[in-house]
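Remember, it's 1-based here, ligands and their atoms both numbered in the order they're listed. Values in this document were obtained by computation on a predicted structure and should not be read as measured data.
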Amino acid sequence: MKVAILGYGTVGSGVFEVLNKNKDIIMKKAGIELETAYVLDLRDFPGDPVEKVLTHDVNDILNDPDVKVVAEVMGGVGAALKFTRAALEAGKSVCTSNKELVATHGSELMKIAQEHGCRYLFEASVGGGIPLIRPIMTALDGDDIIHMKSILNGTTNYILTRMSEAGAGFEEALGEAQKKGYAEADPTADVEGHDAMRKTAILASILEGKYVSCDDVHTEGISAITVTDFKYARRLHAGVKLLSVISRENGKITAMVAPFLVREDNELYGVKGVKNASLICGNAVGDIMFYGSGAGKLPTASAVVADMSEAARCMAGRSDVRQVPAWTEEHANVVSYEESKNASLIRVAAADEKEARKAFGDIREVAPSDGEFAFITPVMSEKDFKKAAAGLKIIGRIRTDFHD
Ligand code: HSE
C-alpha cells in the first residue's frame, strides 16, 4: 500500500526513517507492506534519501488513488487542516501528531473520515511515543475511567527536573530543552501549559466520547515557579510537576492543567526529564500507569507509524480495527473549574500570618523561608479559595496532590 508523509521536519523525517528501517517488521505485523511514495515539503534536501520521493505539490498525493494513508506531521492549523480535509475527502486515512489540529478540529475531521470510509488517527498527539489513546479506546473498554493524572509535556517536565536537581535557572533549563529538540518552536506553548492543555482536551474528549474544547481546560503554566518553591517542595518530600488532571463523575467532567506539588510516594514523582506518564484510575482495573518518551523524533514517529499500520489494515478492509470516531461534535458536560477541589501550598509575608490563619482556618504550617509564612490549606473548591484569598497578598500558590 502506498503511503505519503506531509512535512519533513523532526517528526516527518522520523516517520520516513521508521517506515524504511522497520519495513519488514511492519509488514509482518500488519500483513501489508507500506511503501513511502511521497514526502511533501517546501524545502529541498540535497543528498538525503528522501530526495527520491520528495514533492513540493500536495496534489501529487491527493490525486494518486493508490495512496491510501497519509501522515500529517506539518503542525499548525493552516495548511495542515486544508490538506487533511482534502485527503480525507479523497478517501485517504490521515494519521497525525498534530495536537493543535486534533484538539480544535478533531470532531469535524473524524466526521469527514467516517463519511468517506477512512480514518483520522492521532495516537502521537498525546504522550509522544507512549501508546495511550489506543489502550484507552480498546484495552480499557471494560472500565469507567474515573480520573487521569498525567505529565503530558516533556519540555516543562525537563525544565522542572533541571530546576529541582541541578538548581538550574528557568531560562537555562529552557535553552537546554530547546537544544535537545523537545520544545515547540514557540516555547510559550510549552511553558504556559497550552501544549498540555491541547493534549488534555483530546484525552477528556476521548473519555467522554463528546467534545471537550481547550477553553474547557483551566490552564496555568510553570513560568511563575521559582527556586524558593523547590525549597518548600523538598521540605514536603515533594517535587513540582505540571499535571493534567481529568476527573469524571455522574456524566460530568473537569479538566485542568497546572503545576502541582507531587509527593515522593506518588508514582508520578519519579517521572523525570522529558518523560511523560499517565496514571489512570478505572473503576474495574484500579490504578494503571503508562510511561515513556513524550517527545522526540523516533518515539513520536513510532506512534504515527503504528497509526499508519492500523489505518492500512482498515483501508484493506480488515475487521480487527476499531471503526467508531473517538468523539462526536456534541459538547461534553463540563463542570466549572470553580467547583474543582484541591489543597494548596500558600506563601505569604510573615507579617500576614494572623490574617492568613483567619482566612483559611484549619491550615498546616510548613517551615518557612526568610520572612515568609507558609502553609497547606484544607481541601477547598477554587470558588472558596478565591473568597478566602481575596484580602491576602499571596506570594505564591501551588496546588498539592496530597491532603494530609
Ligand atoms: N513540545 C512538546 C513537549 C512536544 O515538550 O512535550 C511533544 O508534544
Side-chain angles (χ1 to χ4, degrees), residues 7 9-15 18 71-77 80 95-104 106 121-134 148-164 168 170-206 214 217 219-223 225 240-244 257-259 268 271-278 290-307:
T10 306
V11 181
S13 58
V15 171
V18 172
E72 182 277 293
V73 282
M74 306 165 61
V77 289
C95 309
T96 190
S97 56
N98 187 340
K99 53 254 165 183
E100 193 180 356
L101 188 57
V102 178
T104 52
L121 299 174
F122 39 86
E123 178 65 68
S125 66
V126 184
I130 308 171
L132 190 54
I133 291 176
R134 192 166 289 106
M148 276 184 87
K149 290 184 183 171
S150 318
I151 294 170
L152 297 177
N153 184 266
T155 304
T156 45
N157 203 48
Y158 181 88
I159 292 171
L160 292 170
T161 304
R162 296 292 294 158
M163 287 177 80
S164 165
F170 178 80
E171 292 298 333
E172 187 192 340
L174 171 62
E176 282 176 29
Q178 281 173 314
K179 222 161 72 225
K180 287 177 183 272
Y182 303 143
E184 301 293 317
D186 175 3
T188 317
D190 293 307
V191 168
E192 296 306 335
H194 304 155
D195 177 76
M197 167 189 78
R198 289 169 190 140
K199 293 165 176 170
T200 302
I202 294 170
L203 290 177
S205 299
I206 293 171
C214 291
V217 182
T219 301
E220 297 171 23
I222 63 161
S223 54
I225 301 294
V240 181
K241 301 284 182 197
L242 184 68
L243 288 193
S244 150
V257 170
L268 293 170
V271 179
K272 308 243 166 115
V274 73
K275 290 288 194 277
N276 282 194
S278 191
F290 293 81
Y291 170 87
S293 294
K297 176 175 162 173
L298 292 182
T300 310
S302 158
V304 175
V305 172
D307 275 351

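Formation of a donor-acceptor pair under 3.5 Å by the T300 side chain with backbone atoms of K297 is not found in this model.
P259 places a side-chain heavy atom less than 4.5 Å from the side chain of E220. Residues I222 and F170 meet the side-chain proximity criterion, which asks for heavy atoms closer than 4.5 Å. You'll find the side chain of I159 stays beyond 4.5 Å of the side chain of D190, heavy atoms only.
For ligand 1, the atoms lying closer than 4.0 Å to a non-hydrogen atom of D190 are 1 (N), 2 (C), 3 (C), 5 (O). Of all the atoms in ligand 1, the ones that sit under 4.0 Å from a non-hydrogen atom of T155 are 1 (N), 3 (C), 5 (O). Every atom of ligand 1 with a heavy atom of A295 under 4.0 Å away is listed here by number and element: 4 (C), 7 (C). Those atoms of ligand 1 with a heavy atom of K99 less than 4.0 angstrom away are 4 (C), 7 (C), 8 (O). Atoms of ligand 1 lying under 4.0 Å from any heavy atom of N153, numbered from 1 in the order shown and given with element: 2 (C), 3 (C), 5 (O), 6 (O). Per-residue contacts place G294 under 4.0 angstrom from the following atoms of ligand 1 (heavy atoms of the residue considered): 7 (C).
Residue contacts with ligand 1 for D195 involve side-chain atoms from C-beta outward but no N, CA, C or O (heavy atoms, distance under 4.0 Å).
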Quiz item: So E192 and S223, side-chain hydrogen bond (donor to acceptor under 3.5 Å, both in side chains) or not? Walk me through it.
Solution: CA-CA 7 Å; E192 296 306 335; S223 54; 2.8 Å; yes
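Looking at ligand 1, you'll find an N or O of G154 within less than 3.5 Å of one of its N or O atoms.
Checked against salt bridge (charged side-chain N to carboxylate O under 4.0 Å, His left out), K149 has the following partners two or more places apart in sequence or in another chain: D401.
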